[in-house]
Amino acid sequence: MAHARSAIIAAAGMPPPAAIAGFALIYVFLGALSLSTAYIQPNAAAVWIPSGYATGLLIARGRGFWPAILAGSFTVNAMVNFTNPDGMALDLLAALAVAVGNTAEAVLAAFLTERFADGKGFLNSARSVRYFLLFTVPLPPLVSAGVGLLASHLAALPAKDSEFEVFVTWYVANAAGMLIFCGIIVGLLEGGFFRFVRHRLGELLLLAGCLIFASQALCGVYFSEAVAEWTKPYMVIPLLLWAALRFGASGGLAAIALITVGASVGAMRGFQVFPADSPWQALTFLQIFLAMQAVMILFMTAAVAEATSARAELELRVRARTREVEQLLRRGEVFAALVAHDLKSPVYGIRNTLRTCVSGLAGRRLSTEDLLPALQVIEETCTALGDRVESLLSAPYLPEEAPGAPLATVMDNIAAAHRLTLQRRRVRLETHIPARLIVPRAREVEHIVDTLIDNAVRFSQEGDVVTVSASLDSGGIRITVADLGPGLPPDRLELLVRRDRPPAPPGESGQRPRLGLYLAAEQARWMDGALLYEPNWPTGARFVLHLPYRHVAFGADPSDAV
């Protein structure tokens, strides 16, 4: 049955009863402590800490904890109001009315803070502090002071001054308590109150000692008669600034709270920081003074928090831009290597053809009829090379979308660039490409496939076939380049996944499959794709370029791509 009741409470979003009881007991303790300053009327304290405690609890833990406020306030006021056994019912009714007023005050204050002052972050910006001071602090205490005054009048509680004085004392105590203690409670419950303790414990102890020394002057307890001549109310301001600048808003408010307790103790002992005709007036003046200090602290710490946040955001942006620049520089270096690698094959093809022509003419083994076809092949290769250079120079290496083109057209350009190499090595290139399959970033795809074909041709034997095909699967498009060569050694599979730097320069063989494979894999990753390797049984290599769907488009008839 107990487990079922707990499940119902959790499903309804209500706090656990044990938590409600614990927070209610804390309210009772703080209320009993604050009521020790109730001179003008038994339930009208000059310093009311529970208003800040209740508001901070509902802001930090949620308004579902209002039963803890209601139970704690009712208990405190019932103990104060219950003075005549004959009027017990009326006294309990008055205690309940005051408890309802205090609960309504806390709920309204939490709502206004969440609605206008960013909720738990109301201390982090000047705008939030401004709305906290305009709405949360002045308005809700009107509810509790009005309801409390009416309930006290019905219960005929004795007062030492007029009802107006009672109302002002009640209102100032609740407003000042909310202003000073609300931020402390939120900091305690959210864990931000202790974030400076670990690294600044020595400074914190020194500050606490200075505050205690300053507080004793406000309490009327002097270690030296010379202290009595000091301007006592204002000697605490430098310490409050120290606490706020070094320990944030919670530290500044905690310093004010310590001063409040010390000054209140002094007032109860008959020592008045601000002389007045009655003790409750002196405490009220003290609360107003400390509330003004709290306003100063809140605005100052909010400005510091905004400046710190802006500086942190600027540092993050600078780091992000620095990383982007580093990536762009690295991509620029890789792109330059990619251009050199892609131009290598056609340039070498032209060179080899010219060497053959020169040696043939020198040895008179090449006739005019044989020279003409060779020159036509060189012309076609130069044209293809010029198109290739234009393609490389206009292709973006930044992560931007490039114009699309049919994949079949891309393969025609690659085949034209490799025509001399294919003829010289007597290797055949076969393509199985859907006619209307369009690749948006066609030039980048052309770079990758060109590199794969170049490696496949160079490692193929005379009479071998290099096959290029394209297909669609559940993840996107697959472009496959397969050959019948020796395959990729296991120690070079890391080139497909390495992200640190290009491989070392080539050895004495002059071949560069390592650099080209690294560049192709890197460019595939820039396109959010992947370059995979599969053995081509029984011999050879199969490289698969896999691109996601956002890099694939179709022409007029999508069925052609299937």
Side-chain angles (χ1 to χ4, degrees), residues 116-132 183 186-187 190-204 207 241-253 296-340 392-402 440-441 443-444 447-448 494-503 515 518-531 547-548 550-551:
F116 298 103
D118 297 333
K120 300 176 184 178
F122 72 95
L123 297 178
N124 297 331
S125 67
R127 173 188 175 277
S128 300
V129 170
R130 182 170 67 250
Y131 284 115
F132 179 77
V186 173
E190 290 297 309
F193 192 79
F194 302 102
R195 61 181 177 178
F196 298 108
V197 174
R198 181 183 304 176
H199 304 290
R200 301 177 184 175
L201 181 59
E203 182 182 0
L204 182 62
L207 174 62
L241 295 177
W242 177 10
L245 292 176
R246 295 293 293 169
F247 298 96
S250 298
L253 292 177
M296 177 190 67
I297 292 299
L298 289 180
F299 274 114
M300 183 180 63
T301 54
V304 172
E306 287 182 339
T308 304
S309 177
R311 183 178 62 184
E313 182 179 359
L314 179 61
E315 291 179 355
L316 291 177
R317 290 185 177 181
V318 170
R319 293 175 184 174
R321 295 296 182 268
T322 303
R323 285 195 298 268
E324 290 180 3
V325 171
E326 292 175 350
Q327 291 176 356
L328 294 180
L329 291 175
R330 180 172 177 271
R331 290 188 178 187
E333 295 174 356
V334 173
F335 180 71
L338 179 65
V339 171
L392 288 172
L393 294 180
S394 60
Y397 60 89
L398 301 179
E400 300 174 352
E401 291 296 330
R441 302 177 70 169
R443 289 171 177 171
E444 298 182 19
H447 299 165
I448 299 173
E494 63 169 342
L495 299 176
L496 300 180
V497 297
R498 66 188 302 169
R499 303 295 299 272
D500 50 356
R501 57 183 177 84
L515 178 59
Y518 167 81
L519 295 173
E522 185 74 4
Q523 197 165 22
R525 283 190 287 266
W526 292 350
M527 300 173 64
D528 296 329
L531 183 60
L547 299 176
R550 62 176 175 273
H551 294 300

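The basis for the numbers below is simple: all heavy atoms, side chains too, and nothing from hydrogens, waters or symmetry mates.
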Inset, instruction - Measure from the side-chain N and O atoms of S309 to the backbone N and O of A305, and report whether any donor-acceptor pair falls under 3.5 Å. - result: no
Inset, instruction - Would you indicate whether Y131, at its atom OH, is surrounded by more than 12 heavy atoms from other residues, nucleotides or ligands within a distance under 6.0 Å? - result: no
Legend entry - Separation of M300 CE from I297 CD1 (nearest 0.5 Å): 4.0 Å
Inset, instruction - Starting at CZ of R127, measure out to CZ of F116 and round the result to the nearest 0.5 Å. - result: 9.5 Å
Inset, instruction - Quick one: pull up CG in L314 and CZ in R319 and give me the separation to the nearest 0.5 Å. - result: 10.5 Å
Inset, instruction - Grab the two heavy atoms, one from A524 and one from I448, that are nearest each other, plus how far apart they are. - result: N-CD1, 3.7 Å
Inset, instruction - Kindly determine whether L547 and D528 satisfy side chain to side chain contact (heavy atoms under 4.5 Å, CB included), including the steps that lead there. - result: CA-CA 7 Å; L547 299 176; D528 296 329; over 6 Å; no
Inset, instruction - Kindly indicate whether the side chain of V186, heavy atoms from C-beta on, has any atom under 4.5 Å from the side chain of F122. - result: yes
Legend entry - From F247 atom CZ to E203 atom CD, the distance as rounded to the nearest 0.5 Å: 4.0 Å
Inset, instruction - Return the minimal non-hydrogen interatomic distance between G251 and A243, and the atom names on each side. - result: O-CB, 3.8 Å
Inset, instruction - Go through the steps to decide whether L123 and T301 satisfy the test side chain to side chain contact (heavy atoms under 4.5 Å, CB included), and finish with yes or no. - result: CA-CA 8 Å; L123 297 178; T301 54; 5.8 Å; no
Legend entry - Expected output: side-chain E306 to main-chain A126 donor-acceptor under 3.5 Å: yes
Inset, instruction - I would like to know whether R246 and L204 meet side chain to side chain contact (heavy atoms under 4.5 Å, CB included); could you show each step before the answer? - result: CA-CA 9 Å; R246 295 293 293 169; L204 182 62; over 6 Å; no
Inset, instruction - Could you pull out the closest heavy-atom pair between L531 and A521, with the gap in Å? - result: CD2-N, 3.8 Å
Legend entry - Value rounded to 0.5 Å, distance of CD in E190 from NZ in K120: 4.0 Å
Legend entry - Trace of the side chain to side chain contact (heavy atoms under 4.5 Å, CB included) decision for D118 with N124: CA-CA 9 Å; D118 297 333; N124 297 331; over 6 Å; no
